[in-house]
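For reference, the structure discussed in these notes is given below.
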Number of protein chains: 2
Amino acid sequence: MAGRIAAVSIVDAIAADLRSRVFSGELGSGEALTETDVATSYEVARPTAKASIEKLVAEGLLDRGTHKTARVVELGPESVRDIYLARAYLESEVLRRLARTKDVPQEAVQANRDIAAVKTGAPLDVVEPDMRFHTSLIDAVGNERISRMYRSLVGEVRLCMVRVQSLHLLDTELILAEHQKILELIEGGQGEAAAELLDEHLGRARERLVAAMGGSAGPEAGYPSGLLPE
Amino acid sequence: MAGRIAAVSIVDAIAADLRSRVFSGELGSGEALTETDVATSYEVARPTAKASIEKLVAEGLLDRGTHKTARVVELGPESVRDIYLARAYLESEVLRRLARTKDVPQEAVQANRDIAAVKTGAPLDVVEPDMRFHTSLIDAVGNERISRMYRSLVGEVRLCMVRVQSLHLLDTELILAEHQKILELIEGGQGEAAAELLDEHLGRARERLVAAMGGSAGPEAGYPSGLLPE
DNA sequence: ACATGTGTACTTGTTAGACAATCTAAAGGC
DNA sequence: GCCTTTAGATTGTCTAACAAGTACACATGT
């Protein structure tokens, strides 16, 4: 059941590789990706490269207009706010819903454990389990379209997370503690409180990242009260 | 400013035409769309047709696996529930948000007027302004990603609406009255009430459509109390 | 009769090379 | 220095073709 075979097309394979190169920072913000470049470097035909690029454009990871070269998206402060607010919209509703049935998804619990496990390593290692924590909450409502919508956001969200971690804007302990508390609130049926904590959780990351990018941070950037014993 | 010129690519043009043919019912549920068919009928090369088809697949209007012919999606009762619940997630949050600032978008008001204007004509004419009513509410929050996410749903939503109207499952007067009431609740700052009414509004359409498709309808299918004087 | 294997037709995945339209940036003229 | 022209690079689209996969009918063996 696990690891079902996947007959990936060449297009998908290249798209996946490009994606990971964007996430790893190998392809930096604003970097150009011409169709011929991609085609030659992967030794495929140009239409194939084109299709891969178009996939990433659809995901929001690349940007391009007609007849213009595709470039890695440049996230400004406004985009960051846009992204995090969209996240908050979806995720807070999801938490309320999950709390109603007191349904704590095991995958989220596991993801948080994984964050704890890597907390001594490189800061970028936190990104994957952190992302997984949030996606597993979304997936837990069991709505295909909602998961799909969230997926369309995930690429950009991950880009933001990479930035947050690279710049050490958040303490891993804090992430961990807040995730834990959110799960507890769901278990206790306190949806509204969970949604509020999530708003704080996301708001802090959001405003600190905005500030780090040269925007003016909102009040949400501050530290929380009481979760971490000084 | 209005009607800004659009240098549409051939791919986009074909995609747009196919889309409208799906919505109009000319291309029925489950109908096959071969790449060569599309290519010959529009007199373009197969790769061009392929790209168009892939666009519609990404939109959720067509369905296809690797090496298999693309087909118009077949919406079962489960899909309908999935779609409408996803809608409700986004839209109810949006209403709460709009009510907080008592922000009644003019486009929504206009859309509802347009519904009233066509109410004597063909039932399918209601679909476009009805869809516009809901999208304009979403767009009113001014979040690019949220609008984008909703767009990814719009294709399927519209398919559902076409069904609802074709089968005369809802009275236009009722749609109109509930839309009106929702706008009033927003204006009055009563976000929670607006969200609840929306849930009713969507829930009724949802369960009636489910029932019409052979699923078992939930309790939401019934008529409302008091909005329409008998 | 049933299950199994085979084969052919249809369809998609991918490639190659080519041309026109468009964008980008550098060279030149005022 | 600024604007225009020109050349190069890049994308949009096409034609033609082969490889690989799917589907369905057919034949085979039990």
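In the text below, chain A, chain B and the rest are named by the order of the sequence lines, each starting its count at 1. Just so you know, these numbers come straight off a predicted model, no measurement behind them. Only heavy atoms go into these numbers, but all of them, side chains included; no hydrogens, no water, no symmetry mates.
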Inset, instruction - Using a cut-off of strictly less than 4.0 Å between a heavy atom of the residue and any atom of DNA chain D, enumerate the qualifying residues of residues 30-46 of chain B by number. - result: B/Val44, B/Ala45, B/Arg46

Legend entry - Qualifying residues under salt bridge (Lys or Arg N to Asp or Glu O under 4.0 Å), relative to B/Glu156, sequence neighbours excluded: A/Arg145, A/Arg148

Inset, instruction - Would you mind listing every ring pair (Phe, Tyr, Trp, His ring centres under 6.0 Å) that reaches into residues 50-92 of chain A, with sequence neighbours excluded? - result: none

Legend entry - Selection residues 67-78 of chain B - residue pairs positive for salt bridge (Lys or Arg N to Asp or Glu O under 4.0 Å), sequence neighbours left out: none

Inset, instruction - Round to the nearest Å and state the distance from A/Glu54 atom CD to C/dG13 atom P. - result: 15 Å

Inset, instruction - Just grab all the side chain to side chain donor-acceptor pair (under 3.5 Å) pairs involving residues 157-169 of chain A, residues at least two apart or on different chains. - result: A/Ser29-A/Arg163

Inset, instruction - Could you verify whether a donor N or O on one side chain and an acceptor N or O on the other, from A/Tyr42 and A/Asp17, lie under 3.5 Å apart? - result: yes

Inset, instruction - May I have the distance from B/Ile10 (atom CD1) to C/dA21 (atom P), rounded to whole angstrom? - result: 12 Å

Legend entry - Gap between atoms NE2 and P, on A/His67 and D/dT11 respectively (whole Å): 10 Å

Legend entry - Closest-nucleotide ordering on DNA chain C, the 5'-leading residue of A/Pro47 and A/Arg71: A/Pro47

Inset, instruction - Using the test ring-ring contact (aromatic ring centres under 6.0 Å, His included), find all partners of B/Phe133 that sit at least two apart in sequence or belong to another chain. - result: B/His179

Inset, instruction - Select from B/Gly65 and A/Lys68 the residue whose nearest nucleotide in DNA chain C is closer to the 5' end of that strand. - result: B/Gly65

Legend entry - Residue A/Lys50, side-chain atoms from C-beta onward, closest of D/dT22, D/dT15, D/dG12: D/dG12

Legend entry - Spacing of A/Asp12 atom CG relative to C/dT12 atom P, expressed in whole Å: 17 Å

Legend entry - Nearest listed nucleotide, side chain of A/Ser9, among C/dT14, D/dA20, D/dT11: C/dT14

